[in-house]
Each structure stands twice: as C-alpha cells, then as structure tokens.
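What follows is a short report on a single structure.
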Amino acid sequence: MSTKTSVIVSLCLVAVMLFAAAVLYARLPDPMPSHWNAAGEVDGYMSKFWGVFLVPIMTIVLLSLFLVIPQIDPLKANIAKFLGIFNGFIVAFTAYMFLVFGLILAAALGYQFNMTYALLPIVGLLFVGVGYMTGKAKRNFFIGIRTPWTLSSETVWDATHKLGAKLFMLAGAITIVSAFLGEAGVWLMLAALLAAAFVPIVYSYILWRRENP
C-alpha cells in the first residue's frame, strides 16, 4: 500500500469519527463512561468533551507520528524495504481506533454489551497485523523488537523478528478465542501478550551471546 493511499483512507476514517462526534454530541451524557474493568463493566468516567474527542485526537497524533517515523529514522532505507506493509499497518491501526471509538459512543448512548468481550476480537486482529509486520520489518530504530542486541546485529534482528512474528500472531489468535472464554479468557490473553513481548527480548540476547561469546 502506498503512503498516499494509507493517508487518504486513514483521514477518511478520522473524518467519519469527527462527523459522528459532532452529530451525536448533544445526545451523549456528561460525564461519559471512559474505562471498563476486566469484566467489561464501567468503572471510570470523564467529561463529555474528552470522552468524545480524546480518541480522534489520539488517532490524529499517532497517525502523524507514524508518518514522520520513516523520514527521521537514520536507517530509513531499511524502512523503505517494508514501507508498503507499514502503511497497511497504519490503516489497520486507524481502523482499530475507529472501531474502539464506535464502541465507546454506543456504550455512552446506552447500548448494553460487554465492552471487554466486544474489544477482544478487535485487539486480536490488530496483534495478528502487528505480528505480520514484525516478520517483515528490517532493522531500524522505531519499528519492531528494538533491543541493544537486535540493533547491533542484522542476523540477530532477523532471527528475533521471525520468532516475534509467530508469537504476536499466536497471541492475536488467542486473544480472539479468549472473547468466548469468559473472564478467564482475559487472563489467557494477557499471558499470551506478555510471552509475545518478553520471549523475543530474551531470545535476542541469547542469539547475540552466541555471536559474541
């Protein structure tokens, strides 16, 4: 996917978010529900303004950051090698924020559903996408599993990211399945995500030590 296409699609999603915010603003409660516990129950509120506009603002800020990263990374030539996949991730992330925003508005309007179980499949799909991008990422300072050991060795980077890609995609699949396992599924998801986050870090150090005995 080209950068231009990813920007257009992402901005269209943000525009729909802002349009929905403007149309529904008068109907939304003040304060609005803003936080849900592991059981999917509301346990936090914030003012209506921030409840409505925080997610769109965060999306715009993060989208801007994602677009700047390929330009400022000292290893931007490596990012160029998987830029199309990174652009696809940008769209996927924006779509994720779009769906989260929709769920927040639906909850504020009084629709009854379990927020945790509604979010888990969306989060799972996002992590599958993260895993796919991780497997394609080349050595750089912003995207991927950036440890001192992956950044110091192309070989360690590639091997670590092959493992990391599998673990993140597996964690995504487990997260999707956990939506059907009740509250225990939330803990299963957390265990899978922790493994996906920390196992590659340890693995990268082991590989580096083999290269540098």
Side-chain angles (χ1 to χ4, degrees), residues 1 5-6 9-10 13-14 17 35-40 55 58-59 61-63 65-67 69-70 78-79 81-104 106-107 113-140 142-147 150 156-207:
M1 179 180 292
T5 300
S6 70
V9 174
S10 297
L13 290 173
V14 172
M17 292 165 69
H35 191 270
W36 289 259
N37 59 26
V55 172
M58 287 177 58
T59 305
V61 171
L62 290 171
L63 175 59
L65 178 62
F66 290 152
L67 293 174
I69 283 173
N78 282 349
I79 293 181
K81 296 176 182 177
F82 67 99
L83 185 59
I85 294 171
F86 181 58
N87 288 334
F89 168 77
I90 291 174
V91 172
F93 176 81
T94 307
Y96 165 77
M97 297 296 280
F98 178 87
L99 293 172
V100 169
F101 183 66
L103 290 174
I104 291 172
F113 59 92
N114 186 297
M115 180 63 81
T116 298
Y117 302 148
L119 273 177
L120 286 177
I122 303 172
V123 174
L125 288 173
L126 181 66
F127 270 96
V128 170
V130 169
Y132 180 76
M133 182 180 68
T134 297
K136 302 297 182 180
K138 301 302 179 182
R139 190 162 58 97
N140 69 92
F142 290 98
I143 305 163
I145 304 165
R146 302 171 312 282
T147 70
T150 56
V156 173
W157 175 282
D158 290 340
T160 299
H161 281 70
K162 286 181 181 178
L163 174 63
K166 294 176 182 177
L167 291 176
F168 272 105
M169 294 179 78
L170 177 60
I174 290 174
T175 300
I176 294 171
V177 172
S178 69
F180 304 97
L181 300 179
E183 192 168 347
V186 176
W187 299 108
L188 178 63
M189 174 201 71
L190 291 176
L193 293 180
L194 285 173
F198 288 104
V199 169
I201 294 175
V202 176
Y203 185 63
S204 69
Y205 175 72
I206 293 172
L207 292 178

Original post:
Would Tyr96 and Val123 satisfy side chain to side chain contact (heavy atoms under 4.5 Å, CB included), going step by step from the backbone distance to the final call?
Top reply: CA-CA 8 Å; Tyr96 165 77; Val123 174; 3.8 Å; yes
What's the separation between atom [atom1] in [X] and atom [atom2] in [Y], rounded to the nearest 0.5 Å?
| X | Y | atom1 | atom2 | result |
| --- | --- | --- | --- | --- |
| Ile85 | Ile90 | CD1 | CD1 | 12.5 Å |
| Ile174 | Met169 | CD1 | CE | 13.0 Å |
| Lys81 | Leu83 | NZ | CG | 13.0 Å |
| Phe89 | Ser6 | CZ | OG | 12.0 Å |
| Leu63 | Met58 | CG | CE | 13.0 Å |

Please find the pair of heavy atoms, one from [X] and one from [Y], that lie closest to each other, and give the distance.
| X | Y | result |
| --- | --- | --- |
| Met189 | Leu120 | SD-CD2, 3.1 Å |
| Met133 | Phe86 | SD-CD1, 3.6 Å |
| Ala196 | Ala171 | CB-CB, 4.2 Å |
| Arg139 | Asn78 | O-ND2, 2.8 Å |
| Thr134 | Ala165 | CG2-N, 3.9 Å |
| Ile176 | Gly124 | CG1-CA, 3.8 Å |

Do [X] and [Y] have side chains that get closer than 4.5 Å, going by heavy atoms?
| X | Y | result |
| --- | --- | --- |
| Met1 | Val91 | yes |
| Asn87 | Thr5 | no |
| Trp157 | Arg146 | yes |
| Asn140 | Phe82 | yes |
| Thr59 | Phe101 | no |
| Thr175 | Val128 | no |
| Leu194 | Val199 | no |
| Trp36 | Ile104 | yes |

Original post:
Do Thr160 and Ser204 pass the side chain to side chain donor-acceptor pair (under 3.5 Å) test, and can you show the C-alpha distance, the side-chain angles, and the key distance before you say yes or no?
Top reply: CA-CA 6 Å; Thr160 299; Ser204 69; 4.7 Å; no
Original post:
Which of parallel (below 30°), tilted (30 to 60°) and perpendicular (above 60°) describes Phe127 and Phe168?
Top reply: parallel
**OP:** Output, in order, the C-alpha distance, side-chain angles, deciding distance and verdict of side chain to side chain contact (heavy atoms under 4.5 Å, CB included) for Phe198 and Leu193.
**Re:** CA-CA 9 Å; Phe198 288 104; Leu193 293 180; over 6 Å; no
Subject >> Phe142 CZ: over 12 foreign heavy atoms closer than 6.0 Å >> reply: yes
Subject >> side chain to side chain contact (heavy atoms under 4.5 Å, CB included) between Trp187 and Leu190, worked out >> reply: CA-CA 5 Å; Trp187 299 108; Leu190 291 176; 3.8 Å; yes
Original post:
Taking His161 for the side chain and Lys138 for the main chain, is one N or O donor matched with an acceptor at less than 3.5 Å?
Top reply: no
Original post:
Taking it one step at a time, do Phe113 and Leu103 satisfy side chain to side chain contact (heavy atoms under 4.5 Å, CB included)?
Top reply: CA-CA 9 Å; Phe113 59 92; Leu103 290 174; 4.0 Å; yes
